[in-house]
Amino acid sequence: MEISDTLNPKQREAVLHTEGPLLILAGAGSGKTRVLTHRIACLIEEKGVNPWNILAITFTNKAAGEMRERVDSLVKSGAGSVWVSTFHSLCVRILRRFIEYLGYENNFSIYDADDQKTLMKQVIKKLNLDPKQYRERPMMSIISSAKNELIDTETFRKKSGGDWKLGKAADVYEAYQAELKKNNALDFDDLIFKTVDLFRVNAEVLDYYRERFRYIMVDEYQDTNTAQFELIALLAGKYGNLCVVGDDDQSIYKFRGADIGNILNFEETFPGTKVIKLEQNYRSTAHILDAANAVICNNKGRKQKTLWTANEDGPLVMFRQYGQAYEEAEGIVRDMLAQGRNLRDFAVLYRTNAQSRLLEEKCISYNIPYRLVGGVNFYQRREIKDILCYLKTIANGRDDLAVQRIINVPKRGIGASSIGKVMEWAGRQETSFYEGCVHAASIPGMGKAAGKIQGFVSQIQDFARRNQAWELGIRQEEDVPQNRRYGLEGLIRDILEETGYRSELQAEGEEEAKARLENIDELINKAASYCAENEEPSLNGFLEEVSLVADVDRMDDSQDRVTLMTLHSAKGLEFPVVYLSGMEDGLFPSSMSIMSDDPTDIEEERRLCYVGITRARERLTMTAARMRMSKGETRYSKVSRFVEEIPGDLVDTMSPGARANANASSNARYEEKKFDGRQFKPQTVVGGRTPGFGKEFTIQKASALEYGAGDRVRHGRFGDGTVQSVTDGARDFEVAVEFDRFGVKKMFASIAKLEKL
DNA sequence: CGTGGCATAGTTTTT
DNA sequence: CTATGCCACG
């Protein structure tokens, strides 16, 4: 085959350079996946490398799946032996095989964020720390960063020096790790950390994988953290055939420990590195690309490169500012409808998951099918977690968290005090909670509860026996519906029926139960397809698969639907038409990053904006709202600084006439809530490069107000009322007024323009 | 032992 | 505003 036919010179160079360290700086839409897949094909077909010796690491399972598919279609045979995987699944596979060297059992559980939180809460309680002062989240993030930096408990303790607060954190870290180990469980960060640990303590295992993975490729390299870096460096330490692909401008996971230094310093770390820049963009129109470049060039400390394209100019970038956030959502939905394209062409992106709600509501009211990526995770739903905890208990009885979650679900009359007694006993015996349940009868003071616990234990044992029989390939004789082979599907069904989970669910209400049972059905389908797709399906394998899914992995693009998702989830994807919603200072960039004294925080937001812009192929629309509800109160925002960074001649701000139209039509539906847009004419216009929008909405805070609590005032729309309170906020005075006809309203003084009577 | 009501905290982003 | 968590009561 002619591998290089469809590639440009730079791409071809990257594909053919197969030996030694290679850094590919690939701008957005520059065809990096094509380079990677062709490179794999080249290794196999031109250089005669055994596919078995190739490892490609991606960020999400979705990306891995796509790469696998493309390699399959490119390579005649053997492509199946190429190991394409995410960091996390790679590590799980390695650990399942060798973790016993680290003192864990190979049926370990994987804890997600919820599990971590529960465990952390227990730890804080156990250490008798004030839960007001030591909250789970901050503690988790301290520990997570430590693990991402490969700092173990011992080093952490040393580094804490005499610092009291850090010493406490060290206590928590130690206790948390001990608890995980006791439960034979690893959290997400551990998966990487422990694999590095394994490689460091066991030279044989390391060498085995070094021999195995002679050619390594890493996608999205800009988002690797120290632990992941070390993992790769160890693996590539013998043959040195390491090819990383990334774009420093698209590094958006600093909060998760990603170290942009990994890509910026790659050349120094790996002497003899060949650097290839891919700067031609094949994805977007020139206008979109110019806008992206205009935004990102405000960042300092980036590798110099300029994306260019041979594509046509395309339409201008659109910007629209609405009054209320729901008008913004409606505006987007109507705009999509007006274009008359396939719904799958559209993506609406936003900074925070909370923003999806309004968009969903509007999609529903306009009858537009949508697909929501992220948000409340399927696997976080109560009923799904319940069933998964049954499965986890069956797979790994040492997972106390799982056992404790389900021991009284459905209700078995095992209450908090009985559970407490078992916990106490297990603690004294230095054994697991489940083991405590097994010996419930011999625990003093258990009373009637002992029998109930026994019942639970024998149920679990029964399930475990069936599962073991299935895993060993023995056909289950009894309880087989027709001639279907017993498997995970059957196991979940049995759990549902035999524990009484289904009947309890049905007892509690029609609608609710129906929805939950549908979710469980979806889980059963998942289990069935897992079993069908895998050579050697196992309970642990299934649990892994469900715990390592990213939100985008569950994105189903088979149906013609609009996609709603966060900017983070959108990384690596592309759509013909993209809306960037909520372009407001304080939301995007987030107020956290604005307040931060670390200037690189805002740069990370800017990179996120760059990622968002470059998702669009043909048409990009940015939208903002002046008012948005958050935490129960209205927030007023000006247009995002990122919008201002785009030169005015690239932007189409809606003409005043068109805006009036849009408002008029949206009013029809929301008349009662509508707040006349004209009242929001700027009080003060502070000069901006781009006329028509930008800095127009700068509120001039008055030094004092002429009215106070108790005074009668008049409002342009709400009529007369009595001032209840005046709060002196940072940006403006906030006034609460009880209107005679409209009730109590809170408003900002400079906007409301209240007139004293 | 279970439930229902109230209080409080929380919003970045996720494998 | 909404989700979660805790406490008091039945």
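Just so we're on the same page: letters track the sequence lines, and every chain starts at 1. Side-chain atoms are counted along with the backbone in the values below, which use heavy atoms only and exclude waters and symmetry mates.
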Can you give one letter per nucleotide of nucleotides 1-10 of chain C, going 5' to 3': B for a protein heavy atom under 4.0 Å from the base, S for sugar-phosphate only, - for none?
-> BS--S-----
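For the pair Arg628(A) and Tyr326(A), the cation-pi criterion (under 6.0 Å, within 45° of the ring axis) is not fulfilled.
The closest donor-acceptor contact from the side chain of Asp223(A) to the backbone of Glu220(A) lies at 3.5 Å or more, if one exists at all.
Side-chain atoms of Gln222(A) and Asp247(A) form no donor-acceptor pair, as typed in the model, at a separation below 3.5 Å. Side chains of Asn299(A) and Arg606(A): a donor on one and an acceptor on the other come within 3.5 Å. Judged by distance alone, the side chains of Asp399(A) and Tyr111(A) do bring a donor and an acceptor atom under 3.5 Å apart.
The salt bridge (charged side-chain N to carboxylate O under 4.0 Å, His left out) analysis of residues 188-197 of chain A, with sequence neighbours excluded, yields the pairs Lys147(A)-Asp190(A).
Relative ring orientation between Phe255(A) and His568(A) is described as perpendicular, the plane-to-plane angle rising above 60° on a 0-90° scale split at 30° and 60°.
Less than 6.0 angstrom separates the ring centroid of Phe59(A) from the ring centroid of Tyr253(A).
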Please list, for nucleotides 2-9 of chain B, all pairs of protein and nucleotide N/O atoms separated by less than 3.5 Å.
| unit_1 | atom_1 | unit_2 | atom_2 | d |
| --- | --- | --- | --- | --- |
| dG2(B) | OP1 | Asn408(A) | ND2 | 3.3 |

What nitrogen or oxygen pairs link the protein and nucleotides 13-15 of chain B at under 3.5 Å?
| unit_1 | atom_1 | unit_2 | atom_2 | d |
| --- | --- | --- | --- | --- |
| dT13(B) | OP1 | Asn353(A) | N | 2.9 |
| dT13(B) | O4' | Arg351(A) | NH1 | 3.2 |
| dT13(B) | O2 | Arg351(A) | NH2 | 3.0 |
| dT14(B) | OP1 | Thr566(A) | OG1 | 2.9 |
| dT14(B) | OP1 | Ser569(A) | OG | 3.4 |
| dT14(B) | OP2 | Asn353(A) | ND2 | 3.4 |
| dT14(B) | O4' | Arg256(A) | NH1 | 3.4 |
| dT15(B) | OP1 | Asp551(A) | N | 3.3 |
| dT15(B) | O4' | Arg256(A) | NH1 | 3.4 |
| dT15(B) | O2 | His88(A) | NE2 | 2.9 |

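Heavy-atom distances to DNA chain B give each of Ala449(A) and Ser593(A) a nearest nucleotide, and the one nearer the 5′ end belongs to Ala449(A).
Here Tyr221(A) pairs with Phe266(A) under the ring pair (Phe, Tyr, Trp, His ring centres under 6.0 Å) rule; sequence neighbours left out. In this view, Arg615(A) and Gln250(A) satisfy the side-chain hydrogen bond (donor to acceptor under 3.5 Å, both in side chains) rule, not counting sequence neighbours.
Ser418(A) comes within 4.0 angstrom of the backbone, heavy atoms only, and of no base.
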